[in-house]
Amino acid sequence: MLKKISLTVNGKLCSGEVESRTLLAHFLRDGLRLTGTHLGCVVGRCGACTVLWNGAPVKSCMVFAVQAAGDDIVTVEGLAQDKRLHPLQEAFWKNDAVECGYCTPGMLMSAYGLLDKRIKPTEKDIERAISGNLCRCTGYGNIVAAIKEAALNFTK
Amino acid sequence: MIMEFPITPPIGDRVKRKETLRFVTGTGHYVDDLLPPGTLHAAFVRSSCAHARIKGVAVEAARAMPGVHAVFTGEDIAHQVKPLRVGGSSLLRQIKLYPLAVDKVRYYGEPLAVVVADNRYLAEDAVEAVSVDYSPLPVVIDPEAAMEPGAPIVHEDVGSNIVYKYHFATDGIDKVFQDADVVVRERIRSHRIAACPIEPRAYLAHYNKEEDSLTMWSATANPHSLRGRIGDILDFPEGKIRVIAPDVGGSFGVKIQTYQEELLLPYLSRELGRPIKWCETRVEHMRNGRHGRDQIHTIEMALKKDGTMLGIKDKIIADMGSTYTVDHSIMAAALYMTGVYQIQNYAVDAFGISTNKTTHGSLRGIGKADASYVLERLVDIAARELKLDPIDIRMKNFIPPEAFPYRNATGALYDSGQYQLALKRTAAMAGYEQRRKEQAELRKRGIYRGIGVALVMEPTSSSRIHATGGYASCRLRIDPSGAVTVFSSMGEQGQGHETTIAQIVASQTGIPFDKITVIHGDTLPTPYGFGTGSSRSSVVLMPSAWVAGKLMRDKILGIAARQLGVAPEKLEIGDGKVFVRENHQQSIAVMEIVRTAYGAIHLLPENMEPGLEVTGYFVNPNIDYAPDAKGRMNTFSSYPYAAVIAVVDVDVETGMIKIVKYATVHDCGNMINPQIVDTQQQGSIMQGIGAALYEELRYDEDGQLLTSTFMDYRLPSVEEVPELALEHIVTPNPFTPLGAKGAGETGMLGPPPALCNAVEDALSPLGVKIRETPLTPDRILNLIEQAQATSHHA
Ligand code: FES
Ligand code: FES
């Protein structure tokens, strides 16, 4: 049975029809065609699908689309504003925190969830924030460096 | 042939990668992101037995389910397609393999039927409704048991599970062992692991009825080869097939081979007249993606008392799994068991064994990782036996820098190296002397600290007849508008080719880096070439870009020379102009040359073709395609290496290992973009740490894979990253125009031997000997317990 849901994605009101079992990740990707949110395991173990759900990072393969009805979602596509890269995106680029790019959106969203609290994070905070995000390419060092650098632009 | 390498910027610069912009904005396009109108989705029915006859597959219930368009079994397909064209050398016993299992399944998870439905949910529902009637057969999981007479046979038509045999021996090897002061012997196994790129395999096939043509999007590392294979299996003209590897989310070897599912999708699309997509689940990746490592070496080394290495004898048993198609893992180990040492006496017997496990195949460092692991463990064991420092025994036996190019016992030709220097530097970075002193102190305080040494060498850029042809190509075009495009024969899966190729072309032609676009992974516009594997892109592909750049440069200078009335040798390109070196005022705009090449061809030098389009080929140097009379040959062209010193603390209460420091000096020759090399090294090292400490594919006796999710197959996360000190030395490869040796795999080779050596060193007061990996806490605790039990007995 299909249900109609609407929710705010990257600041825009969106709606679509889903089954009760449709995962939020699949709704974003196949329904709204926001394919920046990636799927690496679909069981909550890789973090490639991380989005912000009402401000907190969540693995969107672990959420049913209907659960997010009426809520606020931010995906990687919502990071850059007016074609200007977000400081996190700039920092990932500058620090070479990306190889194949598959884990990148999830990493960015986990990091965004951390920095959005506007509290200067320690290295441990950064590690904890992305500990559920697997990257097979970069070995994480540059990702941590990038988040650290971006954090400087966030905290006053 | 010795080549010169005039390397000018931006080659060698830490340029920001072009491709990163689309990845940080989430606008890259991976296969699963594509959804042409009318796309249907496939899901596979997979064997729940490791070895069984298929008595029947009941598909009617599934066919009747909502949204289901078709269900095919192996039987349905077998008469419609040809068997897969399998690779492998002439030593490999060939098997017949179809996209779906027919008659019999040979491993747990083998695809035996496929459902096509409106969406992936419905396809998976219907898979549940297919019931398979099996008649179970005895299962063989252990390769040594599989060699025994009377073992269950995996492929009846081959008649034996020993599907590959190789023998090599230098003259007088037995005498060397008889005369030696000491012989150390050991049985060492490299355990089975999975590549696990974060993007699983993904395919989308679209047959266009009107045009009778086929487009295949595949997360492949080998688009041109895949195109030929699709043509083969479907008996469909290759010219009407286009394979596109869009953005690919990592490969590490696993996506370079062709898969059953991959070849089935084009068939399904042709049958149903709709685009068909399939994206692997993680569980399927663990069960069906090719596995790596899994060799048992029974190896012995003959030495003099002073530690001089005299000879090596090895017996290799390589578990090839079930539906094997390639054998290069075995040769890549067998030819390199003497590693970086001056050992000219060597013998090996290698066996490839078929078992009821998932098929073995390429995985970052295939075969070479097994070889360096086993050898570097053996060297440590010999050092301990002879009471020598692990650094000293290595220094004593390394091939010295002046001996390069060096031909090893099996005929491999090592291009260049400075092993002593690399290890010396690493020792300094790790504070080796100091740490040895501390170690003694710490032991008194009950802290088990260990220091592990290894020098791993990684042959790269293999070339084998018909498999990974020894060349690559780049076509370079400057459009009438001045736009510059390079079409690369090799796809990328994170290596940053769009950046490094542009750096090379910019350096050669003087065209600004930002103006150069690189197209790759699409068989329609790109020239032919083989896939990204064996770290070949910097060794073979990048030189082909260099050749293309040089051809273009010569052409531009030729046109300018005629117009300016000076010899081409006197000209330079820069700032959008060609100018006389001695007199910068005498110049012509590059755009003027472009206009001439396309529109004013009467002004071109005599015999010059119009237009600005050139193709550069580069042939992998020094490759032997057949052995000499003594069986010697060189199948890899370049030999990067890394020295490693790992310092660990082992908690004897919990079995946990903490890496205190991981220091490494890496030599991949000249680096086109040192930033890209560094990042790749870090990732490669972490993958090696995963292999050494956490990751293992385990089977039970019935052949069920016990580790098929990230829950039980643990990839390192950010929390496992140790303190890493990484440096490079540069010994250029004299045989390639860029002097590069390949950079992707060496990092991964270091941790298994270095960490095992470190842990064994840490636990040496307890008499622990490590013969199996990964070094999980429970394994460490077991080893400690065993060692204590034996010492009580003694
Ligand atoms: S896809 Fe959601 S955590 Fe892996
Ligand atoms: S960049 Fe490839 S998985 Fe992280």
Side-chain angles (χ1 to χ4, degrees), chain A residues 19 21-23 26 29-30 33-48 75-80 85-86 88-106 108 126-144, chain B residues 14 16-17 19-30 32-35 119-121 195-200 247-252 279 281-283 285 492-496 675-676 678-687 689-690 709-711 715-721 724 747:
Chain A
E19 288 185 58
R21 62 175 174 173
T22 304
L23 301 176
H26 284 143
R29 290 178 49 80
D30 298 340
R33 300 297 291 137
L34 290 169
T35 56
T37 300
H38 294 158
L39 295 172
C41 71
V42 203
V43 292
R45 300 295 295 191
C46 77
T75 70
V76 68
E77 289 92 343
L79 277 186
L85 291 185
H86 186 276
L88 263 170
Q89 294 169 309
E90 284 286 2
F92 267 56
W93 197 4
K94 184 166 153 240
N95 288 276
D96 203 39
V98 178
E99 282 183 41
C100 77
Y102 204 74
C103 72
T104 309
L108 285 165
I126 294 174
E127 285 181 10
R128 207 164 309 128
I130 60 163
S131 63
N133 293 76
L134 295 175
C135 174
R136 195 57 147 173
C137 298
T138 66
Y140 305 102
N142 297 354
I143 295 176
V144 173
Chain B
R14 300 175 91 90
K16 270 189 358 184
R17 298 188 345 154
E19 38 281 85
T20 300
L21 180 59
R22 64 176 183 273
F23 296 148
V24 294
T25 49
T27 53
H29 282 111
Y30 303 83
D32 195 14
D33 302 344
L34 310 169
L35 199 62
N119 64 46
R120 54 184 111 200
Y121 289 73
C196 287
I198 304 301
E199 179 203 32
D247 289 323
V248 178
S251 166
F252 317 109
C279 299
T281 65
R282 182 55 56 180
V283 173
H285 181 78
E492 75 157 294
Q493 308 85 45
Q495 295 89 345
Q675 176 65 72
I676 288 179
D678 277 348
T679 311
Q680 227 184 74
Q681 276 300 300
Q682 292 171 36
S684 199
I685 290 167
M686 281 316 292
Q687 199 171 4
I689 290 176
T709 70
F710 283 149
M711 226 93 84
L715 265 54
S717 78
V718 70
E719 296 185 303
E720 279 78 43
V721 179
L724 194 68

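Residues A/Leu23 and B/Tyr121 have side chains in contact (heavy-atom distance under 4.5 Å, counting atoms from C-beta outward). Contact check for A/Asp30 versus B/Arg120: side-chain heavy atoms found under the 4.5 Å cut-off. Contact check for A/Asn142 versus B/Asp678: no side-chain heavy atoms found under the 4.5 Å cut-off. A/Val98 has its side chain within reach of B/Val24: a pair of non-hydrogen atoms, C-beta onward, lies under 4.5 Å apart. Using a 4.5 Å cut-off on side-chain heavy atoms (C-beta onward), A/Val42 and B/Arg282 make no contact.
Heavy atoms only, all atoms of each residue included: A/His38 and B/Asp33 are closest at NE2-OD2, 4.3 Å. Nearest heavy atoms, A/Gln89 versus B/Thr25: NE2-CA, 3.7 Å. Among all heavy-atom pairs drawn from B/Phe710 and A/Cys46, the shortest one is CE1-CB, 4.0 Å. Here the closest heavy-atom approach between residue A/Arg136 and residue B/Leu715 is recorded as NH1-CG, 3.5 Å. Minimum heavy-atom separation, B/Pro716 to A/Leu134: O-CD2, 3.8 Å.
Interface remark: B/Thr27 contributes no atoms to any contact with chain A (heavy atom separation under 4.5 Å). Heavy-atom distances place both the backbone and the side chain of A/Thr138 under 4.5 Å from chain B. Residue A/His26 touches chain B through its side chain alone, counting heavy-atom pairs closer than 4.5 Å. If you measure heavy-atom distances from B/Gln675 to chain A, the contacts under 4.5 Å come from both the backbone and the side chain. Contact annotation for A/Arg21: both backbone and side-chain heavy atoms come within less than 4.5 Å of a heavy atom of chain B. For a residue to count as touching a neighbouring chain, one of its non-hydrogen atoms must lie under 4.5 Å from one of that chain's; by this rule A/Leu85 touches chain B with the side chain only. For B/Val721, the part lying near chain A is the side chain, with the backbone staying farther off; criterion is any non-hydrogen pair under 4.5 Å. When heavy atoms are compared at a cutoff of 4.5 Å, A/Thr22 approaches chain B by way of both its backbone and its side chain. Neither the backbone nor the side chain of B/Thr281 comes within less than 4.5 Å of any heavy atom of chain A. Neither the backbone nor the side chain of B/Ile685 comes within contact range of chain A; no heavy atoms are under 4.5 Å apart. Of the atoms belonging to B/Leu34, it is backbone heavy atoms, and not side-chain ones, that fall under 4.5 Å from chain A.
When each of B/Val283, B/Thr679, B/Thr20, B/Leu21 is checked for heavy-atom pairs under 4.5 Å with chain A, B/Thr679 comes out on top. No other option in A/Cys100, A/Cys135, A/Gly139 has as many heavy-atom pairs under 4.5 Å with chain B as A/Cys100. If you tally non-hydrogen atom pairs under 4.5 Å between each of B/Met686, B/Met711, B/Glu492 and chain A, the highest count goes to B/Met711. When the candidates A/Asn95, A/Ile130, A/Leu79 are compared by the number of heavy-atom contacts under 4.5 Å with chain B, A/Ile130 comes out ahead.
To the nearest 0.5 Å, atoms NE2 (B/His285) and SG (A/Cys41) are separated by 12.5 Å. The distance from atom OG1 of A/Thr35 to atom NE2 of B/His29, rounded to the nearest 0.5 Å, is 5.0 Å. How far CD of B/Gln680 is from SG of A/Cys137: 8.5 Å, rounded to the nearest 0.5 Å. To the nearest 0.5 angstrom, B/Arg22 atom CZ is 11.5 Å from A/Thr104 atom OG1.
Within a 6.0 Å radius of NZ in A/Lys94, other residues, nucleotides and ligands contribute 12 heavy atoms or fewer.
Under the side-chain contact (heavy atoms from CB on, under 4.5 Å) criterion, A/Glu127 pairs with A/Glu123, A/Lys124, B/Val718, not counting sequence neighbours. Taking A/Arg45 as the reference, nothing meets the salt bridge (Lys or Arg N to Asp or Glu O under 4.0 Å) condition, with sequence neighbours excluded.
Formation of a donor-acceptor pair under 3.5 Å by the B/Tyr30 side chain with backbone atoms of A/Gly101 is found in this model. Side-chain N or O atoms of A/Arg128 include none that pairs as donor or acceptor with a backbone N or O of B/Glu719 at under 3.5 Å.
B/Asp32 and A/Arg29 are joined by a salt bridge, as a carboxylate oxygen and a charged side-chain nitrogen come within less than 4.0 angstrom of each other.
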